[in-house]
Amino acid sequence: MGTQESDERAGGGTGRRALLGAAVLGAGGAVLGLSGTARAAGGGPGGGHRGGLKSLPVPTVIGHRGASGYRPEHTLGSYELALDLGADIVEAGDLVPTKDGHLVCRHEPEIGGTTDVADHPEFAGRRRTKSLDGVATTGWFTEDFTLAELKTLRATERIPANRPHNTLYDGRWEIPTFEEVLRWQDEQTRRRGKQVWIYPELKHPTYFRKLGLGTEERLARLLREYGKDRQNSPVVIQSFEPTSVQRMNRLVGNPLAVLLSGADSRPWDFVEAGDPRTTADLVTPEGLKEIASYAQGIGPTLDLIVPRDSAGRLTEPTALVRDAHRAGLILHPYTMRNENPFLPTEFRKGADPDGYGDAFGAFRAYFATGIDGIFTDNPDTGVLAREDFVNG
């Protein structure tokens with residue numbers, strides 16, 4: 001839980017809540033009827049980061065791990081394509097550390113499914129089974145490699161059964177460090193003439209802290225070094241572990257968001273600390289009020305916004321959007337994907353695992369709940385869906 005002292009040191013937690021909370025105003029109903037483009041939350045279009053998140057359109061389209069519907073995720077190629085396709089923010093970095101303490105961008109510390117490490121005989125002996133947040137996981141882990149060793153690997157498509165076209169790009173890009181992402185962000189901002197935003201996630205921070213590789217301090221150090229640790233900085237930080245977000249609240253002034261999984265799940269830091277609360281407790285009005293004391297937003301799974309029935313069809317929306325907004329929190333739920341298996345049943349077309357369903361219909365259903373933005377693997381679809389929604 002953030003304190004007044006830590007908020008002041010970080011640049012003002014209350015100010016950051018106001019910054020992101022402004023994006024709530026007009027979300028949903030107030031967006032309807034506008035023409036041409038989505039409403040800019042601060043009342044005007046704008047590229048620079050001086051207005052913070054208020055300069056971004058609502059609903060905000062967030063490129064999930066870049067444009068991962070079209071390129072292997074968490075590569076500079078995926079990130080850059082997300083910008084080309086119109087993403088307002090790029091989730092540039094699920095952050096995990098190397099053996100020598102560098103933060104790199106991978107979906108998980110286990111990299112057997114996202115790199116060609118299995119094709120490197122020199123690393124065959126690194127394959128092992130570990131308990132990752134209580135789950136036995138077998139493969140190769142970033143914390144067992146130096147950065148120099150990881151740089152010899154190349155990224156591959158994580159879900160080739162759903163995205164066989166992405167395998168064309170296997171081997172094309174290396175694993176980026178977060179420091180490289182910060183430099184890339186500055187370069188893209190200069191090239192495009194408007195501020196590029198990123199949305200890094202701290203992955204498994206409790207797991208890494210127990211290994212002596214605490215990630216929050218490493219992230220804060222980099223943000224300070226690049227002058228991106230302030231409340232209006234174009235970097236939003238997220239984690240599934242509330243105590244990690246609280247730690248970041250004491251270290252930096254950036255906008256912060258707590259990620260929320262299924263209602264019955266427990267954040268791993270809660271498990272380790274013996275805290276019996278589940279996600280269901282966190283999404284109550286009381287739980288949301290507590291989150292708002294140290295964070296400015298939440299990133300719930302879409303099923304917490306609109307549950308699905310036993311047949312996979314959407315049911316009635318929950319009160320989460322209303323309750324979060326009342327607490328002063330924005331909502332950036334995850335994840336919209338175009339392929340059939342990921343869509344609610346009523347929006348699927350056929351049974352091909354790589355076939356597209358009615359993604360526009362699904363986007364429309366989620367936007368209608370009043371969410372402030374959405375993570376999507378297909379930013380171009382999200383941008384067009386927002387245009388349809390705004391224009392009624």
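The first residue of the sequence shown is numbered 1, and numbering continues consecutively from there.
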If you apply the rule side chain to side chain contact (heavy atoms under 4.5 Å, CB included), what do you find for Thr142 with Ile175, and how did you get there? CA-CA 11 Å; Thr142 58; Ile175 298 173; over 6 Å; no
With rounding to the nearest 0.5 Å, note down the distance linking OG1 in Thr98 to CG in Leu103.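 Nearest 0.5 Å value for the OG1-CG distance: 8.0 Å.
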Just how far is it from atom CG of Leu83 to atom CD1 of Ile89, taken to the nearest 0.5 Å?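 Between Leu83 CG and Ile89 CD1, I get 11.0 Å after rounding to 0.5 Å.
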Parallel, tilted or perpendicular: which fits the ring planes of [X] and [Y], with parallel below 30° and perpendicular above 60°?
X      : Y      : value
Phe375 : His64  : perpendicular
His204 : Tyr207 : perpendicular
His74  : Tyr79  : perpendicular

Linking I/L/V/M/F/W/Y whenever any side-chain heavy atoms sit under 4.5 Å apart, do [X] and [Y] land together?
X      : Y      : result
Ile198 : Trp173 : no
Phe208 : Leu259 : no
Leu56  : Val383 : no

Would you mind checking if [Y] and [X] are paired as a salt bridge, meaning a charged N to carboxylate O distance below 4.0 Å?
X      : Y      : result
Glu149 : Arg126 : yes
Arg386 : Asp88  : yes
Lys203 : Asp133 : no
Lys349 : Asp358 : no

Backbone N/O of [Y] and side chain of [X]: donor-acceptor pair under 3.5 Å:
X      : Y      : answer
Trp140 : Val117 : no
Asn378 : Asn338 : yes
Asn254 : Lys228 : yes
Arg158 : Glu73  : no
Arg337 : Gly69  : no

Considering residues, nucleotides and ligands other than [X], do more than 12 of their heavy atoms fall under 6.0 Å from its [atom1]?
X      : atom1 : value
Asp309 : CG    : yes
Arg172 : CZ    : no
Lys130 : NZ    : yes

Evaluate salt bridge (Lys or Arg N to Asp or Glu O under 4.0 Å) for Asp377 paired with Arg65, printing each intermediate quantity in order. CA-CA 7 Å; Asp377 291 6; Arg65 306 170 197 164; over 6 Å; no
Residue pair Asp84, Arg192: steps toward the salt bridge (Lys or Arg N to Asp or Glu O under 4.0 Å) verdict: CA-CA 10 Å; Asp84 292 342; Arg192 297 171 189 271; 2.8 Å; yes
With sequence neighbours left out, write down each residue that passes side chain to side chain donor-acceptor pair (under 3.5 Å) with [X], or none if nothing qualifies.
X      : value
Glu217 : Arg209
Arg183 : Tyr226
Asn166 : Glu157

Between Glu180 and Trp184, is a side chain to side chain donor-acceptor pair (under 3.5 Å) present by the stated rule, with each step listed? CA-CA 6 Å; Glu180 288 169 342; Trp184 169 87; over 6 Å; no
Heavy atoms only: give me the nearest Leu256-Gln296 pair and the separation to one decimal.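 Minimum heavy-atom separation between Leu256 and Gln296: N-OE1, 2.7 Å.
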Would Glu241 and Thr206 satisfy side chain to side chain donor-acceptor pair (under 3.5 Å), going step by step from the backbone distance to the final call? CA-CA 8 Å; Glu241 297 188 14; Thr206 294; 2.5 Å; yes
Determine whether His165 and Asp354 satisfy the following criterion, side chain to side chain donor-acceptor pair (under 3.5 Å), listing intermediate values before the conclusion. CA-CA 9 Å; His165 50 283; Asp354 62 334; 5.6 Å; no
